[in-house]
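Some notes on the structure that comes next.
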Amino acid sequence: FTYPAGRCLASGAEINGMDLVLITGKAPDHATAAIEDAALIYSWCSEHLEKQMILHEGEQLAEITVLDSKDTDSLQVSAGYTFDYDVIRGHEIHVEKDFPDVITAPAETGQYLGEVTVYDNETVLLQEMYYAEQTISYSRMEHLKRVISETAHAYPLQITAAILCIGVLLILAVIRK
């Protein structure tokens with residue numbers, strides 16, 4: 001009891017997996033009024049609130065293809081911890097993942113890879129940035145293999161014609177000797 005706030009009650013409860021703390025004040029002047037107020041509020045919380053697991057520790061968020069590296073062909077980006085949130089039932093929680101599909105080596109430890117943003121309707125609940133945990137080295141040989149492969153796929157007729165021309169030139173060179 002305080003004179004400015006009247007009858008008060010500080011209480012805590014676990015409801016639907018949520019740890020709630022409640023402080024009520026200005027309760028009417030009978031002995032159980034503050035308890036009745038708290039019970040009413042906890043009842044509302046039980047009917048309207050729930051804990052949602054949004055991200056789970058270790059959950060794969062993205063797989064990024066790595067070009068021009070002999071170290072790895074891809075990077076897996078995983079949640080570093082579990083993120084849960086107490087929400088009003090019916091609120092739309094959505095997760096936006098913003099990662100590139102492909103990166104090109106080299107990549108340094110600490111290089112920005114992308115981010116995850118969690119929204120409750122339009123309100124941002126979490127924005128987490130992710131960075132490379134290891135250095136990925138550049139390989140000139142992997143780069144050349146990729147360029148040759150991409151060229152062969154982009155210009156198959158021209159590559160075939162060039163190979164045929166080289167073959168004919170080699171045959172003519174052998175015949176002339």
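Below, all heavy atoms of this structure are taken into account, side chains as well, without hydrogens, waters or symmetry copies. Sequential numbering from 1 along the given sequence is applied to the chain's residues.
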Within a radius of less than 6.0 Å around CG of Asn121, do more than 12 heavy atoms belonging to other residues, nucleotides or ligands occur? yes
Step through the shown structure and confirm whether more than 12 heavy atoms of other residues, nucleotides or ligands are within 6.0 Å of CG on Leu144. yes
Approximate separation, where rounding is to 0.5 Å, of [X] [atom1] and [Y] [atom2]:
{"X": "Glu59", "Y": "Met53", "atom1": "CD", "atom2": "CE", "value": "10.0 Å"}
{"X": "Lys70", "Y": "His143", "atom1": "NZ", "atom2": "NE2", "value": "15.5 Å"}
{"X": "Asp84", "Y": "Met18", "atom1": "CG", "atom2": "CE", "value": "11.0 Å"}
{"X": "Ser46", "Y": "Leu20", "atom1": "OG", "atom2": "CG", "value": "10.0 Å"}
{"X": "His94", "Y": "Glu92", "atom1": "NE2", "atom2": "CD", "value": "6.5 Å"}
{"X": "Leu55", "Y": "Lys97", "atom1": "CG", "atom2": "NZ", "value": "7.5 Å"}

With distance as the sole test, does Ser43 use its side chain to make a donor-acceptor pair with the main-chain N or O of Ala39 at under 3.5 Å? no
side-chain contact (heavy atoms from CB on, under 4.5 Å) between Asp19 and Asp86, worked out: CA-CA 9 Å; Asp19 293 320; Asp86 303 338; over 6 Å; no
Partners passing ring-ring contact (aromatic ring centres under 6.0 Å, His included) against His153 (at least two apart in sequence or in another chain): none
Hydrophobic cluster (4.5 angstrom, side-chain heavy atoms) - remaining members for [X]:
{"X": "Tyr131", "answer": "Tyr112, Met129"}
{"X": "Ile171", "answer": "Ile175"}
{"X": "Val168", "answer": "Leu172"}

Could you list the donor-acceptor pairs under 3.5 angstrom formed between side-chain atoms of residues 74-82 and any protein atom two or more places apart in sequence or on another chain?
residue : atom : partner : partner atom : Å
Ser74   : OG   : Glu63   : OE2          : 3.2
Ser74   : OG   : Gln76   : NE2          : 3.3
Gln76   : NE2  : Glu63   : OE2          : 3.0
Tyr81   : OH   : Glu128  : OE1          : 2.8
Thr82   : OG1  : Glu57   : N            : 3.1

Would you call [X] and [Y] a side-chain contact if the rule is heavy atoms closer than 4.5 Å?
{"X": "Ile136", "Y": "Thr72", "result": "yes"}
{"X": "Ile54", "Y": "Val95", "result": "yes"}
{"X": "Asp98", "Y": "Thr117", "result": "no"}
{"X": "Gln127", "Y": "Val116", "result": "no"}

What about [X] and [Y], same hydrophobic cluster or not, with Ile/Leu/Val/Met/Phe/Trp/Tyr joined at side-chain heavy-atom distances under 4.5 Å?
{"X": "Phe99", "Y": "Tyr119", "result": "no"}
{"X": "Val66", "Y": "Tyr138", "result": "no"}
{"X": "Ile15", "Y": "Val87", "result": "no"}
{"X": "Leu22", "Y": "Ile35", "result": "no"}

Please evaluate residues Ile93 and Val118 with respect to the criterion side-chain contact (heavy atoms from CB on, under 4.5 Å), reporting the C-alpha separation (whole Å), side-chain torsions for both, the decisive distance (0.1 Å), and the verdict. CA-CA 7 Å; Ile93 302 294; Val118 178; 3.9 Å; yes
Non-hydrogen atoms of Pro156 and Thr160 that approach each other most closely: O-OG1, 2.8 Å
Nearest heavy-atom pair of Leu113 and Pro100: which atoms, and what distance? O-CD, 3.0 Å
Name all residues meeting the side-chain hydrogen bond (donor to acceptor under 3.5 Å, both in side chains) criterion together with [X]; count only those two or more places apart in sequence or in a different chain, and write none if there are none.
{"X": "Asp71", "answer": "Ser137"}
{"X": "Asp73", "answer": "none"}
{"X": "Thr109", "answer": "Thr135"}

Side-chain donor/acceptor pairs under 3.5 Å, residues 5-14, sequence neighbours excluded:
residue : atom : partner : partner atom : Å
Ser11   : OG   : Tyr42   : OH           : 2.8

Go through the steps for Ile88 and Leu49 under the test side-chain contact (heavy atoms from CB on, under 4.5 Å), then give the verdict. CA-CA 5 Å; Ile88 296 176; Leu49 296 178; 3.5 Å; yes
With sequence neighbours left out, write down each residue that passes salt bridge (Lys or Arg N to Asp or Glu O under 4.0 Å) with Glu115, or none if nothing qualifies. none
Hits for salt bridge (Lys or Arg N to Asp or Glu O under 4.0 Å) against Arg176, two or more places apart or cross-chain, chain-then-number order -> none
Show your working on side-chain contact (heavy atoms from CB on, under 4.5 Å) between Phe83 and Leu125 and close with a plain yes or no. CA-CA 10 Å; Phe83 176 69; Leu125 302 177; 4.2 Å; yes
Inter- and intrachain pairs under salt bridge (Lys or Arg N to Asp or Glu O under 4.0 Å), touching residues 132-158, at least two apart: Asp68-Arg146, Glu142-Lys145, Arg146-Glu150
